[in-house]
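So you know, we letter chains A, B, ... as the sequences are listed, proteins then strands, and number each from 1.
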Amino acid sequence: MKDTLLTLLQQALTQLQQEGMLPEDFQPQLVLERTRDPAHGDFASNLAMLSAKVAKRNPREVAQAIVQALPAHPQVTKVEIAGPGFINFFISDSALTEVVGRILQQGAAFGRSDLGAGQKMQVEFVSANPTGPLHVGHGRGAAYGASVAALLDAVGFDIEREYYVNDAGRQMNILAASLWLRYLQACGETLVFPSNAYKGDYVQTYAQSLHARVGDQYRHASAAVFKEIPADEPQGGDKEAHIDALIARAQTLLGAEAYQEIFNLGLNAILQDIQQDLSEFRVTYENWFSELSLSTSGAIQTALDKLTSGGHTYQAEGALWFRSTAFGDDKDRCLVRDNGISTYFASDVAYLDHKLQRGFAKVLYVFGADHHGYIPRLQAACQALGHDLARLDFRLVQFAILYRGQERVQMSTRSGSFVTLRELRDDVGTDAARYYYVMRKADQHMDFDLELAKSQSKDNPVYYIQYAHARVCSVLRKLEASERLSALDTQQGLAHLTALESEYEKNLFSALNHYPEVLTRAAFAYEPHQIANYLQELASDFHTYYNAVKVLDEDAQVRNARLCLSLAVRQVLANGLSLIGVEAPEEM
RNA sequence: GCGCCCAUAGCUCAACCGGACAGAGCAACGGCCUUCUAAGCCGUGGGUUGCAGGUUCGAGUCCUGCUGGGCGCGCCA
């Protein structure tokens with residue numbers, strides 16, 4: 001319908017240009033908007049206002065001319081000029097109601113499209129270090145990334161979801177050392193746990209199960225472990241030096257093989273936990289990409305060679321640098337340290353190169369807001385590697401600031417004081433958590449009061465939407481149980497939709513017509529919150545309708561028409577909810 | 001100090017490419033269950049869109065400068 005109207009407008013525009021009212025070279029972007037107010041019709045165009053200046057007439061005069069030049073169309077019942085010069089289009093009832101039949105026929109496919117034309121696209125999100133369980137901060141990125149991926153899939157992109165596993169580097173060694181020290185405690189050794197080690201309970205849990213399995217096999221006397229180790233911070237030393245020395249000591253005492261086993265034990269246990277956690281949160285991935293694999297496969301070296309042969313690196317102070325400032329970054333970035341070890345950023349460059357070589361038309365990074373500083377350097381690397389910058393997209397997810405009532409909850413993985421995603425799910429449920437996370441724009445700061453989410457979970461808007469869905473199911477059950485009312489006759493219902501003329505029903509037809517556009521817009525803007533808002537409005541329209549009008553009317557034609565409309569609403573609610581990972585219950 | 005993000009009703013937030021009277025929910029107040037689920041509906045009150053300029057037919061939206069908040073600025077990961 002929208003396309004039809006745009007064509008009509010273009011024809012009118014062309015005619016006015018031929019008549020000389022508008023210059024031949026005037027090519028405004030034709031805009032057709034859904035109106036907010038039904039009094040303004042179904043669609044509105046601002047073409048006359050845009051043209052007023054070049055036409056040297058006032059907007060309403062131009063609008064008059066456009067309307068006169070507009071070809072007639074059977075489904076356009078009225079065209080009005082309103083306000084400062086809007087052209088309002090009124091669409092025929094049959095054009096609005098036919099959507100119901102389309103929805104019932106297409107089912108779960110309604111709203112989906114092939115605008116993405118099957119192009120390969122990657123969405124990388126969460127990618128939290130596997131050094132501990134996911135916390136509520138990761139939850140927002142998980143819910144957002146999964147929803148964006150679902151949206152892009154729905155508009156026809158070939159989506160690959162990926163989690164970048166930071167399984168290399170110092171943090172993982174700190175985890176391994178933490179695990180070993182906890183294991184030693186489980187063996188009965190007495191020691192002071194380092195201030196900079198991972199203190200979470202989960203480390204002790206893994207350590208105890210390790211001890212239960214292997215006994216004292218990896219045990220060393222506490223005195224030997226801490227012999228000549230530099231002092232920890234509480235003792236006036238340097239906590240970083242302290243933990244690094246303990247890592248080195250673990251490697252020496254255990255030997256490479258045993259150290260690796262403990263390292264892998266920690267990594268695998270946590271990774272498995274994260275995978276299960278996300279899966280229960282209805283967040284799944286096609287790929288779990290190992291950072292470690294980049295160095296073992298030689299990808300890092302290859303990427304560095306590419307940068308160097310392109311003339312984008314230089315040696316300074318014994319280290320290898322990337323001249324990212326040549327591409328607008330604040331400062332150049334170190335790739336290989338003076339001790340010969342490549343930096344985390346070198347892995348990032350190799351990973352980026354690897355991604356872009358995998359044939360994705362577009363690669364989307366979903367970052368926590370604290371990573372915004374990475375964008376310029378990754379964009380610099382993208383260009384230096386010879387890739388098209390347009391293939392790279394970034395979205396930042398602001399933190400959810402946690403409160404327990406009035407008190408702000410401080411979050412720190414290292415200290416072990418955080419609210420886990422799992423706790424949140426147990427508290428408020430997956431549906432409410434998924435919905436709550438994406439109902440706000442991702443770049444908007446969000447306050448998340450745990451007490452409120454828990455104590456007032458019944459007031460969570462997600463139930464409002466689910467309830468609308470359940471209500472339709474309930475009406476159907478009622479019909480089936482009825483001995484007096486005839487069974488649903490879809491054909492008859494569809495044939496009498498235009499008999500539904502209340503404001504409530506018109507609002508619903510209109511809302512249902514919007515859905516495909518909302519989905520498209522939300523997908524290309526990476527904004528799942530638009531789906532959440534739309535569903536809230538659709539549910540609201542339905543609840544209003546439900547309270548005002550009896551669906552199970554005595555008149556079979558009216559009843560079947562209303563049932564068809566209700567079924568269409570239910571279908572669209574279910575389609576939208578599935579995009580944001582929320583279930584559509586049949587009863588509540 | 002430099003950079004990125006943000007500021008809308010008492011609170012949490014919407015507002016499609018710059019459009020019509022800035023909208024919801026919560027909180028407050030008043031109504032609606034012998035009738036398809038009251039996790040619902042209807043009604044009332046609530047605003048100088050942080051401040052000051054600018055761009056234009058038109059600005060919450062774009063530009064500049066301020067104020068206030070978040071985050072980032074390692075040969076850490």
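- The gap from the C1' atom of B:rG18 to that of B:rC29 amounts to 39 Å, rounded to the nearest Å.
- Distance CG (A:Asp37) to C1' (B:rA15): 15 Å, rounded to an integer number of Å.
- In this structure, A:Arg36 reaches the bases: a heavy-atom distance under 4.0 Å links it to at least one base atom across the strands shown.
- In this model, the phosphate group of B:rA15 is not approached by any side-chain N or O of A:Tyr534 to a distance below 4.0 Å at OP1 or OP2.
- Taking only distance into account, the side chain of A:His372 never meets the base of B:rC5 through a donor-acceptor pair shorter than 3.5 Å.
- As judged by a 4.0 angstrom heavy-atom cut-off over every strand, A:Lys550 is placed among the base-contacting residues.
- Distance A:Met439 CE to B:rG23 P: 19 Å, rounded to the nearest Å.
- Rounded to a whole Å, the CG atom of A:Asp541 is 15 Å from the P atom of B:rG40.
- For the C1' atom pair drawn from B:rA24 and B:rG46, the interatomic distance equals 14 Å after rounding to whole Å.
- A:Glu587 comes within 4.0 angstrom of a base, heavy atoms only.
- Heavy atoms of A:Leu396 sit nowhere under 4.0 angstrom from any nucleic acid atom.
- A:Ala525 comes within 4.0 angstrom of nothing in the nucleic acid, heavy atoms only.
- When heavy atoms are screened at a 4.0 angstrom cut-off, A:Arg440 is found touching base atoms of the nucleic acid.
- No hydrogens or angles considered: nothing links the side chains of A:Gln171 and A:Asn166 as a donor-acceptor pair under 3.5 Å.
- Across all strands shown, A:Gln398 has heavy atoms under 4.0 Å from sugar-phosphate atoms exclusively, and none from any base.
- Along RNA chain B, the nucleotide nearest to A:Glu291 and the one nearest to A:Val475 differ in position, and the one closer to the 5' end is contacted by A:Val475.
- Only the C1' atoms considered, B:rC21 is 28 Å distant from B:rC6, to the nearest whole Å.
- Across all strands, A:Ala369 comes closer than 4.0 Å only to sugar-phosphate atoms, never to a base (heavy-atom distances).
- The side chain of A:Thr343 contributes no N or O atom lying less than 4.0 Å from OP1 or OP2 of B:rC76.
- Between B:rC36, B:rC17, B:rG19, one nucleotide has an atom nearer to the side chain of A:Val551 than all others, and that is B:rC36.
- Using atom C1' as the reference point in both B:rC4 and B:rG47, the two lie 30 Å apart (nearest Å).
- For A:Arg60, the CZ atom is densely surrounded, since the number of other residues' heavy atoms within 6.0 Å is greater than 12.
- For A:Met588, the side-chain atoms get nearest to B:rA39 when compared with the rest of B:rC36, B:rA39, B:rC75.
- Under the 4.0 Å criterion applied to side-chain N and carboxylate O atoms, A:Arg484 and A:Glu554 are assigned as salt-bridge partners.
- Counting non-hydrogen atoms under 4.0 angstrom, A:Ser474 reaches a base of the nucleic acid.
- Look at A:Phe86 and the base of B:rA20; the rings stack, centres closer than 5.5 Å and planes less than 30° apart.
- Only the C1' atoms considered, B:rC57 is 23 Å distant from B:rU48, to the nearest whole Å.
- Using a 4.0 Å heavy-atom cutoff across all strands shown, A:Asn88 reaches at least one base atom of the nucleic acid.
- Counting non-hydrogen atoms under 4.0 angstrom, A:Arg521 reaches a base of the nucleic acid.
- For B:rG72, its base never sits under 3.5 Å from the side chain of A:Asp370 at any donor and acceptor pair.
- What separates CG of A:Asn547 from C1' of B:rG40 is a distance of 5 Å, to the nearest Å.
- Taking atom NE2 on A:His529 and atom C1' on B:rA24, their separation rounds to 13 Å, with Å as the unit.
- For A:Tyr504, the OH atom counts as loosely surrounded, since its 6.0 Å shell holds 12 or fewer non-hydrogen atoms of other residues, nucleotides or ligands.
- Distances shorter than 4.0 Å separate none of the side-chain N or O atoms of A:Arg57 from OP1 or OP2 on B:rC57.
- Comparing B:rC63 with B:rG45, their C1' atoms sit 38 Å apart, to the nearest whole Å.
- Nucleic acid contact for A:Asp338: base, since at least one base atom lies under 4.0 Å from a heavy atom of the residue.
- B:rG43 and B:rG69 are spaced 38 Å apart, taking the C1' atom of each and rounding to whole Å.
- In this structure, the NE2 atom of A:His40 is 12 Å from the P atom of B:rG23, given to the nearest Å.
- Rounding to whole angstrom units, CG of residue A:Asp329 and P of B:rG74 are separated by 11 Å.
- Defined by atom type and a distance below 3.5 Å, a donor-acceptor pair is present between the side-chain atoms of A:Glu291 and A:Ser347.
- Between A:Lys331 and B:rC2, a side-chain N or O to OP1/OP2 separation shorter than 4.0 Å is absent.
- Counting non-hydrogen atoms under 4.0 angstrom, A:Ala468 reaches nothing in the nucleic acid.
- Here A:Val549 lies in heavy-atom contact (under 4.0 Å) with a base.
- You'll find the ring centres of A:Tyr464 and A:His543 inside the 6.0 Å limit.
- Nucleotides B:rA27 and B:rA52 place their P atoms 34 Å apart, quoted to the nearest Å.
- Side-chain N/O atoms of A:Ser486 and A:Arg559 include a donor and acceptor closer than 3.5 Å.
- Counting to the nearest Å, the C1' atom of B:rA20 and the CZ atom of A:Arg34 are 18 Å from each other.
- Relative ring orientation between A:Phe322 and A:His312 is described as perpendicular, the plane-to-plane angle rising above 60° on a 0-90° scale split at 30° and 60°.
- Along RNA chain B, the nucleotide nearest to A:Ala470 and the one nearest to A:Thr35 differ in position, and the one closer to the 5' end is contacted by A:Thr35.
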